[in-house]
Novice: 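Have a look at this one.
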Amino acid sequence: MADVGEEVFTRPPWCEPAAHARGVAARLLADSRRPGFVLALAGEGEEVYGFAYGHRCSTLTRLASRPAADVFTLKELAVLPGLRGRGIGAALHDTLLDAAGDGPRWLATHPAATAALGLYRSRGWRVIALHNACGQTRLIMRKARG
């Protein structure tokens, strides 16, 4: 997953340093201990082509000035660039949310992540707020159950 993170998150619009992008694997491991953790993987054998994960968390609801509730936050969704356009991201997204249980869903993404935004909007996500912190702007999006 570190390899996928580096391949995806060092490119625009994220442009993260390689070490930080590869750190997605460590962040995922730490988040796996959180309540409601769900992971979806795409790959073959030991090769990972993409992943999506999330957990129960109300941080984004507070950033969007919304009442906190039992919400699921989609933390990361990544597919190797050479394999995009084959439905892998959509399958990861749908598998993850199907396993997440009931309740509203939240995510934050880069406003210039056009492919991700297209996927999310086609799946019923709506922009709720714009959040700026530490020189980074993120769109906070919400999806009702269903």
Novice: So which pairs with a foot in residues 111-122 pass side chain to side chain donor-acceptor pair (under 3.5 Å), sequence neighbours left out?
Specialist: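 Qualifying pairs, neighbours excluded: none.
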Novice: Does the side chain of V79 reach to within under 4.5 Å of the side chain of L92, using non-hydrogen atoms?
Specialist: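 In contact.
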Novice: Any side-chain heavy atom of L74 sitting closer than 4.5 Å to one from L96?
Specialist: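 Result yes, sub-4.5 Å side-chain heavy-atom pair found.
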Novice: In Å, rounded to the nearest 0.5 Å, how long is the span from CZ of R126 to NZ of K143?
Specialist: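 Here the rounded value is 9.0 Å.
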Novice: Measure the shortest side-chain to side-chain distance between L28 and M1 over non-hydrogen atoms and say whether it is less than 4.5 angstrom.
Specialist: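 A side-chain contact exists here, since the closest heavy-atom pair is under 4.5 Å.
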Novice: To the nearest 0.5 Å, how far apart are CD in E44 and OH in Y49?
Specialist: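 Here the interatomic distance stands at 4.0 Å.
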Novice: At their closest point, which heavy atom of F72 faces which heavy atom of G36, and how far apart are they?
Specialist: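 Closest pair (atom of F72, atom of G36, distance): CE1-O, 3.6 Å.
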Novice: Going from CZ on F37 to OH on Y53, what distance comes out if it is rounded to the nearest 0.5 angstrom?
Specialist: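 The CZ atom of F37 sits 7.0 Å away from the OH atom of Y53.
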Novice: Could I get the full list of side-chain hydrogen bond (donor to acceptor under 3.5 Å, both in side chains) partners for R34, not counting sequence neighbours?
Specialist: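 side-chain hydrogen bond (donor to acceptor under 3.5 Å, both in side chains) check on R34 returns nothing, list empty.
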Novice: With rounding to the nearest 0.5 angstrom, report the CG to NE2 distance, L139 to H131.
Specialist: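 The CG atom of L139 sits 11.5 Å away from the NE2 atom of H131.
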Novice: Does the side chain of V48 come within less than 4.5 Å of D3's, by heavy atoms?
Specialist: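 Side-chain contact under 4.5 Å: no.
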Novice: Answer with yes or no whether the side chains of W125 and H93 bring together a donor and an acceptor at under 3.5 Å.
Specialist: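 Note: H93 and W125 side chains meet the donor-acceptor criterion.
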Novice: Looking at A99 and V38, what are the two nearest heavy atoms and their distance?
Specialist: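 So the two residues come closest at CB-CG1, 3.7 Å.
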Novice: If you compare all heavy atoms of T109 against all heavy atoms of A116, which two are closest, and at what distance to 0.1 Å?
Specialist: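 So the two residues come closest at OG1-CB, 4.4 Å.
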Novice: In Å, rounded to the nearest 0.5 Å, how long is the span from CG of L119 to CZ of R84?
Specialist: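 Reported value, rounded in 0.5 Å steps: 11.0 Å.
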Novice: With the side chain counted from C-beta on, respond yes when H20 and W14 share a heavy-atom pair under 4.5 Å apart, and no when they do not.
Specialist: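 Answer no - side chains too far apart.
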Novice: Does some side-chain heavy atom of E6 sit less than 4.5 Å from a side-chain heavy atom of V24?
Specialist: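 The answer is no; the side chains never approach within 4.5 Å.
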Novice: Rounded to the nearest 0.5 Å, what separation is found between the CZ atom of R105 and the CG atom of L97?
Specialist: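 The CG atom of L97 is 4.5 Å from CZ of R105, to the nearest 0.5 Å.
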Novice: Can you confirm whether W106 sits close enough to I128 that some side-chain heavy atom of one is under 4.5 Å from a side-chain heavy atom of the other?
Specialist: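 Yes, at least one pair of side-chain atoms sits under 4.5 Å.
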Novice: Within the 4.5 Å heavy-atom criterion, are P81 and E7 side-chain neighbours or not?
Specialist: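 The answer is yes, as the side chains (C-beta and beyond) meet within the 4.5 Å cut-off.
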